[in-house]
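Computed from heavy atoms alone, side chains included, the values below leave out hydrogens, waters and symmetry copies.
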Amino acid sequence: MSSQIAGVLQLLALIAALALAYRPLGDYMARVYSSEKHYTPEKWIYKVIGADPAAEMRWPAYLRGVLAFSAASVLLLYLMQRVQGSLPGSLGFSSIDPDQAFNTAASFVANTNWQSYYGEQAMGHVVQTGGLAVQNFLSAAVGMAVAVALVRGFARSRTGELGNFWADLVRGTVRILIPVSVIGAIVLVACGAIQNFSGIHQVGQFMGSTQEWNGGAVASQEAIKELGTNGGGYFNANAAHPFENPNPLSNLFEIFLILLIPFALTRTFGRLVGSLKQGYAILGAMAVIWIGFTALMMWTEFAHRGPAFEIAGGAMEGKETRFGIAGSSIFAVATTLTSTGAVNSFHSSYTGFGGGITLLGMQLGEIAPGGVGSGLYGMLIMAVIAVFIAGLMVGRTPEYLGKKIGTRQITFAACYLLITPALVLGFTAVALALPTPGLSMTNSGAHGFSEILYAYTSGANNNGSAFAGLNADTQWFNTTIGIAMLLGRFLPMVFVLALAGSLAEQKPVPATAGTLRTDKPLYAGLLVGTILIITGLTYFPALALGPLAEGLAS
């Protein structure tokens with residue numbers, strides 16, 4: 001069997017597994033977020049934090065809950081790193097420097113998980129498990145809560161109330177993320193991932209130096225790292241490390257975890273707005289982009305150019321032989337089209353066009369299917385933009401799900417779209433204009449430009465993967481990427497919740513003969529075209545200077 005055929009079979013198996021899980025998980029999540037029942041453990045949590053889960057919130061109150069909780073999380077995680085040297089289970093590691101502690105705290109709370117440190121050489125068990133892994137759950141639950149609040153904005157009428165943030169946060173964590181993560185961790189342990197709290201072991205000599213490895217609760221962190229589209233690895237090699245991702249079966253299962261909730265949330269959306277067809281339209285747009293990007297990546301990396309590629313069967317540099325080109329390509333697209341950022345290969349070693357695909361996947365806004373929660377609300381923002389464009393074409397006031405898209409709504413949507421490109425392109429331009437940041441580049445020319453563009457694209461889009469050629473552990477990059485991560489995560493949420501509040505206040509508009517059917521394939525095609533055109537117009541000049549120039553020159 002050829003490597004290409006094996007890759008296609010892997011992709012088909014992945015699609016089949018996602019299809020089997022789509023309906024039950026999507027329906028279950030809809031019941032979770034619409035239930036009025038509170039379980040006993042949840043009541044204990046509400047009592048501890050002093051929250052009333054039955055109290056409805058308007059969008060400013062919902063936003064204050066999101067920001068206050070996230071700010072407290074950043075502060076706590078920062079302090080844990082700063083005092084790590086005094087904590088038990090630190091494995092002898094010292095406390096983290098201020099700039100790196102800020103970067104890491106911002107990263108994990110923003111669901112980015114950008115790492116400018118070697119995990120196995122910097123973080124002990126307490127920080128890894130009690131700090132980073134906990135934020136993997138909580139940051140994912142925050143994204144899901146915001147997405148559900150926007151869906152309620154479409155579903156409700158004549159009220160500005162969007163639910164209760166604390167109830168949504170707790171339910172998402174207790175009823176969805178924890179149970180699925182437990183199952184995922186068991187599967188990964190069965191596949192060979194490690195799960196322990198052992199210390200540092202000397203495992204032999206290599207080139208005159210002693211090799212040391214430390215254990216950890218790796219399988220459990222790996223499960224929520226992928227399920228919550230977080231991406232931060234226990235080890236520096238991330239999902240390329242055999243302790244995290246031992247074999248092709250675990251590799252395919254981790255990709256499944258990455259895509260599971262983002263795709264299933266489209267059915268949750270359909271359930272909550274009362275039209276499964278609307279969810280299928282969003283699903284269709286996501287699936288077309290994901291499958292298209294995956295096919296293009298596999299074609300690019302399998303293309304034989306020169307004797308070295310022909311002998312290896314494709315572009316094998318930077319890829320694990322146990323995964324091959326197909327397993328690496330599917331993983332790379334899944335992790336950059338979502339906000340996961342986990343890597344099982346090094347994107348800097350991909351072909352010029354292959355690296356460009358990973359960049360473009362993030363620059364789309366990571367909406368196909370995107371991050372847990374953030375993918376759905378990002379796609380719904382694009383759906384509003386697509387409806388608005390269609391309305392301009394026919395001279396009719398646009399409507400989506402019975403809600404008019406007026407000046408106020410399109411302003412919120414436009415502000416959402418402008419934030420991330422402004423952060424990415426602005427920080428990239430400043431970094432290249434200053435003399436010091438450029439010293440962190442391993443490569444020069446187009447590839448060196450791509451290293452910096454990738455870093456800020458990954459940070460501002462809350463992805464977290466790296467091009468693996470940039471020394472980002474400097475005060476400049478730790479600070480600026482940390483700022484980009486926080487602004488790229490929470491500023492868009494302001495406009496998402498403001499849009500949700502404005503929609504919830506509206507009276508539904510009955511459909512007429514002139515209403516655009518947003519549950520049809522024609523609209524899904526319009527949505528895909530809108531996404532690609534907006535992204536192309538925004539980022540094409542930067543992509544032309546980096547991966548496109550490199551790809552055409554090779």
Side-chain angles (χ1 to χ4, degrees), residues 41-42 44-51 62-91 93-117 119 122-146 165-174 177-178 181 197 216-217 220-221 224-225 228-234 339 341 372-374 459 462 464 478-479 481-491 493:
E42 296 170 349
W44 294 340
I45 296 173
Y46 299 138
K47 187 174 181 179
V48 170
I49 64 178
Y62 204 101
L63 176 64
R64 286 195 296 271
V66 170
L67 297 181
F69 177 76
S70 300
S73 298
V74 170
L75 179 60
L76 179 60
L77 187 54
Y78 175 83
L79 292 175
M80 288 184 69
Q81 295 175 82
R82 294 292 293 132
V83 301
Q84 175 180 245
S86 303
L87 295 175
S90 63
L91 299 180
F93 297 138
S94 60
S95 298
I96 308 299
D97 292 336
D99 58 306
Q100 192 173 77
F102 163 72
N103 180 278
T104 305
S107 176
F108 278 77
V109 173
N111 198 245
T112 310
N113 293 39
W114 171 272
Q115 295 172 289
S116 61
Y117 59 87
M123 303 292 183
H125 293 321
V126 173
V127 174
Q128 287 268 31
T129 306
L132 305 184
V134 168
Q135 286 306 317
N136 283 347
F137 284 95
L138 298 180
S139 63
V142 168
M144 295 168 68
V146 173
F165 167 69
W166 305 108
D168 292 337
L169 175 72
V170 171
R171 286 177 177 176
T173 304
V174 173
L177 295 174
I178 290 178
S181 294
F197 287 102
S220 57
Q221 184 159 324
I224 186 56
K225 150 190 158 180
T229 61
N230 297 282
Y234 208 99
S339 65
V372 169
S374 61
N462 301 132
N478 277 332
T479 303
I481 294 177
I483 293 171
M485 289 186 291
L486 291 176
L487 295 180
R489 173 69 164 179
F490 296 109
L491 272 183
M493 286 183 176

Could you tell me which non-hydrogen atom of Gln100 sits nearest to which non-hydrogen atom of Ser116, and how far apart they are?
-> NE2-O, 3.0 Å

Look at the rings of Phe197 and His125 and say which category their plane angle falls in: under 30° parallel, 30 to 60° tilted, over 60° perpendicular.
-> perpendicular

Mind checking whether Gln84 and Val126 have side chains closer than 4.5 Å, heavy atoms only?
-> no

CZ on Phe137 to OG on Ser139, rounded to 0.5 Å | 10.5 Å

Is there side-chain contact between Asn111 and Val142, with at least one heavy-atom pair below 4.5 Å?
-> no

Rounding to 0.5 Å, atoms CG (Leu177) and CG (Asn136) come to a distance of 10.0 Å

What is the minimum heavy-atom distance between Thr229 and Val372, and which atoms define it?
-> OG1-N, 3.0 Å

Taking the side chain as every heavy atom from C-beta outward, state whether Ile481 and Thr112 have any atom pair closer than 4.5 Å.
-> no

4.5 Å side-chain heavy-atom contact, Asn103 and Met485 | yes

Nearest-0.5 Å distance that lies between atom NZ in Lys225 and atom CG in Leu132 | 12.0 Å

Any idea which heavy atoms bring Gln135 and Val109 closest together, and the distance?
-> OE1-CG2, 3.6 Å

Least distance between heavy atoms, Ala105 atom then Tyr78 atom | CB-N, 3.8 Å

Hey, are the side chains of Tyr117 and Asp97 touching, using non-hydrogen atoms and a 4.5 Å cut-off?
-> no

For Val134, which residues count as a side-chain contact (heavy atoms from CB on, under 4.5 Å) partner, sequence neighbours excluded?
-> Leu138

Looking at residues at least two apart in the chain, or sitting in another chain, which of them share a side-chain contact (heavy atoms from CB on, under 4.5 Å) with Ser374?
-> Ser339, Tyr377, Arg489

Minimal heavy-atom distance between Thr173 and Leu169, with the atoms involved, is OG1-O, 2.9 Å

Pairwise distance CG(Leu63) to CZ(Phe490) - rounded to 0.5 angstrom = 10.0 Å

Does the side-chain contact (heavy atoms from CB on, under 4.5 Å) test come out yes or no for Phe102 and Arg82, once each step is laid out?
-> CA-CA 9 Å; Phe102 163 72; Arg82 294 292 293 132; over 6 Å; no

Side chain of Ser90, backbone of Gly124: donor and acceptor closer than 3.5 Å?
-> no

For the pair Ile96 and Val127, evaluate side-chain contact (heavy atoms from CB on, under 4.5 Å) and give the outcome as yes or no after the intermediate values.
-> CA-CA 11 Å; Ile96 308 299; Val127 174; over 6 Å; no

Heavy atoms only: give me the nearest Ala106-Gly482 pair and the separation to one decimal.
-> CB-O, 3.9 Å

Tyr46 side-chain N/O to Val170 backbone N/O, donor-acceptor pair under 3.5 Å = no

Interatomic distance, CG@Asn478 vs OG1@Thr104, rounded to 0.5 Å, equals 7.0 Å

Between Asn230 and Ala140, is there a donor-acceptor pair closer than 3.5 Å when you use the side chain of the first and the backbone of the second?
-> no

When you measure from the side chain of Gln81 to the backbone N and O of Leu77, does any donor-acceptor pair fall under 3.5 Å?
-> yes

